[in-house]
Peer 1: 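Next up is a structure, given as structure tokens.
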Amino acid sequence: MKVLVVNCGSSSIKYQLVNMNDESVLAKGLVERIGIEGSVLTHQPAGKDKVVINAAISNHSIGIKLVIDALTDPKHGVISSMKEISAVGHRVVHGGEKFADSVLITPAVMKALEECIEMAPLHNPPNIMGINACSEIMPGVPQVAVFDTAFHQTMPKEAFLYAIPYEAYEKYGVRRYGFHGTSHKFVSQQVAELMGEKLSDLRIITCHLGNGASIAAIKNGKCIDTSMGFTPLEGLVMGTRSGGLDPAIVPFIMKKENLSADQVDNYLNKKSGVLGVSGVSSDFRDVEEAANAGNERAALALDLFAYRVRKFIGSYVAAMGGVDVIVFTAGLGENSITMREKIGNGLEFLGTRIDPAKNNVRGKAQEISVDGAKVKMFVIPTNEELVIARDTKAICGNLA
Ligand code: ADP
């Protein structure tokens with residue numbers, strides 16, 4: 001069985017074709033600049049040279065069509081016909097309270113996705129466009145939606161409710177949803193496997209540290225709290241997002257800087273975080289380089305980031321009544337030796353310490369805490385595409 005994994009952004013489509021017999025990636029690629037001049041498809045077939053196709057790609061349908069053409073191309077393709085694609089798995093950002101698991105896409109599901117647009121105005125519309133494009137180009141091929149929010153639906157009410165008038169929850173669905181769920185789920189399963197323990201016996205803190213960053217408390221395999229909230233703005237300091245702050249700052253800055261609601265949203269989502277504090281970049285590599293060269297605000301931004309992560313870890317230890325393992329994942333978590341040190345070096349009180357030799361690792365699943373540590377620390381590369389492919393197979397495997 002071959003599954004096409006699709007992740008649509010507003011102007012991009014990321015894809016992977018996965019052979020579910022051995023979970024190998026047959027090809028992957030990226031369509032960029034949809035609807036913008038200079039649109040391009042970069043297609044990487046396994047074991048062959050990368051192909052770059054420049055074409056006018058004015059919408060997601062044309063993008064998906066080009067992806068299928070690339071996958072079936074006699075020269076750089078990896079399948080002989082579209083019929084070899086048994087199912088399509090889509091990443092969908094927001095499933096609201098309706099979806100606690102991945103689901104086969106039906107007209108009723110599409111209606112529910114439309115209803116979630118209000119809560120994820122930037123993310124859900126391109127996800128829906130991607131699903132419609134696949135239905136149009138591959139009619140009859142089953143499609144599955146895998147939600148960023150689903151894994152966090154097990155949070156208890158005391159963790160997901162905000163202390164504002166209850167009607168805001170009832171009328172508008174204002175509550176904490178959490179995101180990056182697919183990643184938190186994957187790395188928690190992986191770490192249990194690596195430790196040779198049952199997921200249901202473990203208290204795990206997973207730190208997904210990329211441009212977007214979130215942390216989750218996973219007790220006995222179930223998420224009981226996570227740092228992102230109603231939107232992906234809450235919680236940790238991020239590349240360009242503020243993370244948690246005193247809500248009174250919002251009207252204060254609006255008045256002082258004469259900003260509209262949309263402008264202050266942009267200020268907190270795009271101009272804040274590590275970029276806002278350092279004034280250097282949202283990319284942690286640039287900020288680390290600047291800090292090493294003596295830039296004090298860059299160093300401060302990294303300190304702020306690490307401190308916030310450590311504070312969340314402490315609070316999740318309290319929420320779970322202890323912790324057995326802490327996992328670092330995503331771009332920064334998998335690759336930044338110094339950031340893991342900065343975070344991990346404050347956690348000795350828990351009975352854990354980073355082993356500098358073991359921590360000298362990038363992008364590889366490995367324990368990084370000292371031998372015999374009471375609480376273990378691990379690096380686990382995330383693989384959201386694989387989770388999407390697995391869920392799609394689980395749901396569609398018996399349909400054919
Ligand atoms: P997202 O999917 O949220 O865009 P990623 O998980 O791809 O983010 O992470 C991107 C971040 O990871 C970037 O800020 C990048 O600087 C950081 N990163 C990647 N490699 C390294 C590295 N070797 N050292 C430090 N930071 C890194």
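Numbering of ligands and ligand atoms starts at 1, following listing order.
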Peer 1: What are the atoms of ligand 1, with element, lying closer than 4.0 Å to any heavy atom of G210?
Peer 2: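 Those atoms are 5 (P), 6 (O), 8 (O), 9 (O).
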Peer 1: Hey, is the main chain of E197 close enough, under 3.5 Å, to the side chain of E193 for a donor-acceptor pair?
Peer 2: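 Side chain of E193 to backbone of E197: no pair is present.
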Peer 1: How about H94 and F179: are their ring centres within less than 6.0 Å of each other?
Peer 2: yes
Peer 1: In ligand 1, which numbered atoms sit nearer than 4.0 Å to a non-hydrogen atom of G212?
Peer 2: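 Checking each atom against G212, I get 3 (O).
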Peer 1: Can you report which non-hydrogen protein atom sits closest to atom 16 (O) of ligand 1, along with the distance?
Peer 2: D283 OD1, 2.3 Å
Peer 1: Strictly less than 4.0 Å: does any protein heavy-atom distance to atom 2 (O) of ligand 1 fall in that range?
Peer 2: no
Peer 1: Does a side chain donor of either E367 or S369 reach within less than 3.5 Å of an acceptor in the other side chain?
Peer 2: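 Yes - a donor-acceptor pair under 3.5 Å links their side chains.
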Peer 1: Measure from NZ or CZ of R308 to the centre of the six-membered ring of F312 and say whether it is under 6.0 Å with the direction within 45° of the ring axis.
Peer 2: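 Negative - R308 is either too far from the ring of F312 or too far off its axis.
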Peer 1: Using non-hydrogen atoms of the residue, decide whether G239 is closer than 4.0 angstrom to ligand 1.
Peer 2: no
Peer 1: With atom 24 (N) of ligand 1 as the reference point, say which of E384, R285, M238, H180 has the nearest heavy atom.
Peer 2: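 Result: the heavy atom closest to atom 24 (N) of ligand 1 is in R285.
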Peer 1: Just wondering, do F328 and L209 contact through their side chains at under 4.5 Å, heavy atoms?
Peer 2: yes
Peer 1: Could you tell me how the ring of H43 sits relative to the ring of Y15: parallel (under 30°), tilted (30 to 60°) or perpendicular (over 60°)?
Peer 2: parallel
Peer 1: List every atom of ligand 1 that sits less than 4.0 Å from any heavy atom of N335, numbering the atoms from 1 in the order shown and giving each element.
Peer 2: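 The atoms of ligand 1 under 4.0 Å from a heavy atom of N335 are 19 (C), 20 (N), 21 (C), 22 (C), 23 (N).
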Peer 1: Can you check whether F230 and Y162 have ring centres sitting under 6.0 Å from each other?
Peer 2: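 Ring-ring flag for F230/Y162: false, centres at least 6.0 Å apart.
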Peer 1: Do we see a donor-acceptor contact under 3.5 Å between the side chains of H184 and S214?
Peer 2: yes
Peer 1: Counting from 1, what ligand 1 atoms have a heavy atom of R362 closer than 4.0 Å?
Peer 2: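 Those atoms are 23 (N).
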Peer 1: Taking only heavy atoms of L332, which atoms of ligand 1 are found under 4.0 Å from at least one of them?
Peer 2: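 Counting atoms of ligand 1 from 1, those under 4.0 Å from L332 are 12 (O), 17 (C), 26 (N).
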Peer 1: Considering the heavy atoms of S336, write down every atom of ligand 1 situated less than 4.0 Å from one of them.
Peer 2: 25 (C)
Peer 1: Quick one: nearest non-hydrogen protein atom to atom 5 (P) of ligand 1, plus distance?
Peer 2: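 Here the closest protein heavy atom is G331 N, 3.7 Å.
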Peer 1: Would you check the N or O atoms of N211, main chain and side chain alike, for any that come under 3.5 Å of an N or O of ligand 1?
Peer 2: yes
Peer 1: Pick one of side chain, backbone, both or neither for how E288 approaches ligand 1, counting any non-hydrogen atom pair under 4.0 Å.
Peer 2: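 The side chain, only.
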Peer 1: Sort out for me which residue in I117, V93, N132 forms a side-chain contact (heavy atoms from CB on, under 4.5 Å) with N127.
Peer 2: V93
Peer 1: Is it the side chain (CB and beyond), the backbone, both or neither of M339 that lies under 4.0 Å from ligand 1, heavy atoms counted?
Peer 2: neither
